2 protein chains.
Amino acid sequence: MEARRDVFQAIADPTRRAIIGLIAAQPVNVNAIAEQFDVSRQAISLHLKVLAECGLLNITQQGRERICEARLDKLNEVHEWVAQYHKMWTGRLNALKSLVEEEEKEATSSPKKSKHIHK
Amino acid sequence: MEARRDVFQAIADPTRRAIIGLIAAQPVNVNAIAEQFDVSRQAISLHLKVLAECGLLNITQQGRERICEARLDKLNEVHEWVAQYHKMWTGRLNALKSLVEEEEKEATSSPKKSKHIHK
DNA sequence: ATAATATGCAATCATTTGCTTGCAAATATA
DNA sequence: TATATTTGCAAGCAAATGATTGCATATTAT
């Protein structure tokens, strides 16, 4: 039931990402959030629960309202995971760029070998 | 069945993230990947399919083998999504820091108007 | 040609998801 | 106090997910 509940899982759902976008700037109460979506209030409530369970959301009771505040810093895990690869792929692009430039120079002097493409 | 298939969904699964980590450095064939995990080859095959469907993976047939190559640049969507919030949460920390510093200065000098921070 | 290897595909299954509706509890307002 | 508002909780459901097993197919090695 409440098995896997990590940040990656939480942001996998587009509605939940939208919720984060909605409350990133400032805290909003549950109903106000729900009004922004087509699904039922309960559906949103469940999404909020998921977000809260992985720390992306802070819920504070205020009278009969519950104010949801984003804890964006909890996205750090995702940020770091992607960042390591970001380094790799940008680095790789640079390497490719230099390779192409190198090839262009060679193009005027020596012939190139063609690659096989197996289907 | 094959409904939502985006990058966020793809990296939500820890096994799939592990697969990406495994082939990020260099291309690996399907069985070699499967051997690294406890689940069946077919389970991995399915994960690879998911990764391939959202472009995170490139599969090239080579004889009877299929070589899986990571397309890390496809993580850019995630990178950008997180980056916008990364700015906010680090910016927020900085804002808090400058606010504190500002307060400290004000304690001794004349009051000043605080800056607005627009995104 | 035959056997071994690398994989995909299909059927099946237990869980997990994402939603919905209805009902209950707490708090604010008239 | 009676009523409206804001939410949570529980039951029920269809679809998606992740995994398994068995069988088929293509390619390579003997």
Side-chain angles (χ1 to χ4, degrees), chain A residues 1-23 26-70 116-119, chain B residues 1-23 26-70:
Chain A
M1 237 195 230
E2 328 258 315
R4 229 166 52 276
R5 196 114 298 177
D6 59 84
V7 181
F8 285 92
Q9 238 263 297
I11 65 169
D13 187 276
T15 301
R16 286 197 288 266
R17 287 201 298 280
I19 290 176
I20 291 174
L22 200 61
I23 65 175
Q26 81 289 120
V28 184
N29 74 312
V30 176
N31 270 3
I33 294 171
E35 277 165 17
Q36 298 299 122
F37 298 89
D38 285 337
V39 297
S40 70
R41 180 178 58 75
Q42 282 75 358
I44 295 298
S45 192
L46 225 163
H47 282 308
L48 293 176
K49 197 177 168 192
V50 172
L51 290 170
E53 273 171 10
C54 68
L56 275 169
L57 205 64
N58 236 346
I59 302 182
T60 322
Q61 185 93 29
Q62 217 159 90
R64 63 184 161 184
E65 294 186 358
R66 274 166 182 246
I67 313 297
C68 303
E69 182 181 15
H116 276 276
I117 300 181
H118 299 279
K119 95 115 247 177
Chain B
M1 241 188 238
E2 326 257 314
R4 226 161 62 268
R5 194 113 297 176
D6 58 83
V7 181
F8 286 93
Q9 238 263 298
I11 65 168
D13 187 276
T15 303
R16 286 198 287 267
R17 287 202 298 281
I19 290 176
I20 291 175
L22 199 61
I23 64 175
Q26 80 291 119
V28 184
N29 72 312
V30 175
N31 270 3
I33 294 171
E35 277 165 16
Q36 298 298 122
F37 298 90
D38 285 336
V39 296
S40 69
R41 181 178 58 74
Q42 282 75 359
I44 295 298
S45 192
L46 224 163
H47 282 308
L48 293 176
K49 198 177 166 192
V50 172
L51 290 170
E53 273 171 10
C54 68
L56 275 168
L57 205 63
N58 235 347
I59 302 182
T60 321
Q61 184 94 29
Q62 219 161 87
R64 64 185 160 184
E65 294 185 359
R66 274 165 181 248
I67 313 297
C68 302
E69 181 180 15

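Just so it is clear, the model here is predicted, and its values are computed rather than measured.
Here the C1' atom of nucleotide dT17(D) and the CG atom of D13(B) are 9 Å apart, to the nearest Å. Rounded to whole angstrom, the span from the CG atom of L57(B) across to the C1' atom of dT7(C) amounts to 15 Å. Nucleotide dG18(C) holds its P atom 11 Å from the CZ atom of R17(A), rounded to whole Å. Atom-to-atom, CZ of R64(A) to P of dT27(C) comes out at 11 Å; the value is rounded to the nearest Å. Taking atom CD of E53(A) as the reference point, atom C1' of dG8(D) lies 13 Å away to the nearest angstrom. The interatomic distance linking L51(A) (CG) with dT17(C) (C1') rounds to 14 Å, in whole Å. Look at CD on Q9(B): it is 12 Å from C1' on dG18(C), rounded to the nearest Å. At whole-Å resolution of the value, NZ in K49(A) and P in dG8(D) are 10 Å apart.
Residue contacts for E65(A): at a heavy-atom cut-off of 4.0 Å it reaches the sugar-phosphate backbone alone, with no base atom in range.
In terms of position on DNA chain C, the residue among L46(A) and E35(B) whose nearest nucleotide sits closer to the 5' end is E35(B). The 5' end of DNA chain C is approached more closely, in terms of each residue's nearest nucleotide, by L48(B) than by the other of V39(A) and L48(B).
Nearest to the side-chain atoms of R66(B) among the listed nucleotides dG8(C), dG8(D), dT5(C) stands dG8(C). Comparing dC19(C), dT6(D), dG8(C) by their closest approach to the side chain of R41(B) singles out dG8(C).
Between S45(B) and the phosphate of dG8(C), there is a side-chain N or O to OP1/OP2 separation shorter than 4.0 Å. Contact check, N31(B) against dT7(C): a side-chain N or O comes under 4.0 Å of OP1 or OP2. One finds a side-chain N or O of S40(A) lying less than 4.0 angstrom from the OP1 or OP2 phosphate oxygen of dT20(C). A close approach under 4.0 Å does not occur between any side-chain nitrogen or oxygen of H47(B) and OP1 or OP2 of dT17(D). In this model, the phosphate group of dT7(D) is approached by a side-chain N or O of N29(A) to a distance below 4.0 Å at OP1 or OP2.
Contact check for L56(A) versus V50(A): no side-chain heavy atoms found under the 4.5 Å cut-off. Using a 4.5 Å heavy-atom threshold, the side chains of E65(B) and I67(B) count as touching.
In plain terms, the two heavy atoms of V28(A) and L22(A) that are nearest each other are CG2-O, 4.2 Å. Closest heavy-atom contact between C54(A) and D6(A): CB-C, 4.1 Å. Pairing each heavy atom of A12(A) with each of F8(B), the nearest pair is CB-O, 3.8 Å.
No donor-acceptor contact under 3.5 Å links the side chain of Q42(A) to the base of dG18(C).
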